[in-house]
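A quick write-up on the structure given underneath.
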Amino acid sequence: MTKIAVIYFSATGTTHQLAQAVAEGVQSQPGASVQLERIEGEQIHHGRFVELQLLERLQQVDAMIFGSPTYMGSVASQFKAFTDTTGELWSEQAWANKVAAGFTVGTNLSGDQKHTLDYFQTFASQHGMLWCGVDIPGTYDPALRNRLGAQGGVVVQTADGVVPERDLALAFYLGQRVAGVSQRLAAE
Ligand SMILES: Cc1cc2nc3c(=O)[nH]c(=O)nc-3n(C[C@H](O)[C@H](O)[C@H](O)COP(=O)(O)O)c2cc1C
């Protein structure tokens, strides 16, 4: 069984909707299982993420898919608090060769969501992980997914918290793709 974790923060539920769609995509792939790991503000004490059992659980997975709303042009501080607890794992390269991917949402059409994806990718690279983007060219998809055209991962825009169906379909696809890529790597 290929194990995929979706690690995300969501304050008002939009990123949560995307996380659920990603998880459904993982589960659509035979032989893949998913665990949803939602970061909560209560897990942060005096600025430090203290839910260290999460790090133990993540050691067991084949792939991680990161999610955060875009806040001030980057990940939310709650997500950053989680990444800052992984420094010891970084020094051991304990996550090397696990697959990684990401998704984000913002209110604006060009609200610097791409920078959030870039942060995820940099974080994954620091850990020696293998980045998996989206192989759907914007505006060329018959199902009209990837309407914003980012290929580093899933970028979504909504001004009212309602996520368009085709963005949910894109998030589903990302989960499915990460599961498939992880299985191909494991079979090598
Ligand atoms: C502090 C703060 C900063 C934000 N910064 C951005 C931003 O830089 N770009 C953007 O497009 N949206 C920005 N937003 C909007 C959120 O990304 C948007 O409301 C998102 O859907 C929230 O996700 P959630 O429902 O999962 O919490 C910001 C919202 C907050 C509260």
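In each ligand, atom 1 is the first atom listed, and ligand 1 is the first ligand listed.
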Nearest-neighbour protein heavy atom for [atom], which is reported as residue plus atom name and distance:
{"atom": "atom 6 (C) of ligand 1", "answer": "Thr70 O, 3.1 Å"}
{"atom": "atom 22 (C) of ligand 1", "answer": "Pro69 CB, 3.6 Å"}
{"atom": "atom 2 (C) of ligand 1", "answer": "Tyr71 CD1, 3.7 Å"}
{"atom": "atom 5 (N) of ligand 1", "answer": "Met72 N, 2.8 Å"}
{"atom": "atom 8 (O) of ligand 1", "answer": "Gly73 N, 2.9 Å"}

### Query
Should the pair Phe79 and Phe66 be assigned to parallel (<30°), tilted (30 to 60°) or perpendicular (>60°) ring geometry?
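Rings of Phe79 and Phe66: perpendicular, over 60°.
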### Message
Can you tell me how the ring of Tyr8 sits relative to the ring of Phe103, calling it parallel under 30°, perpendicular over 60° and tilted otherwise?
### Response
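Tyr8 vs Phe103 ring planes: tilted.
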### Query
For residues Thr86 and His127, is any side-chain donor paired with an opposing acceptor at under 3.5 Å?
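There is such a pair between these side chains.
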### Query
Going by atom types only, do Thr104 and Gln113 share a side-chain donor-acceptor pair under 3.5 Å?
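The answer is no; no qualifying pair exists.
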### Query
Quick check: does Gly106 get an N/O under 3.5 Å from an N/O on ligand 1?
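No, there is no polar N/O contact under 3.5 Å.
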### Task
Identify whether the distance between the nearest side-chain nitrogen and carboxylate oxygen of Asp135 and Arg177 falls below 4.0 Å.
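Between Arg177 and Asp135 there is a salt bridge, with a charged N closer than 4.0 Å to a carboxylate O.
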### Task
Only heavy atoms count here, so choose which of Thr107, Thr14, Asn108 is nearest to atom 15 (C) of ligand 1.
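Nearest option to atom 15 (C) of ligand 1, by heavy atoms: Thr107.
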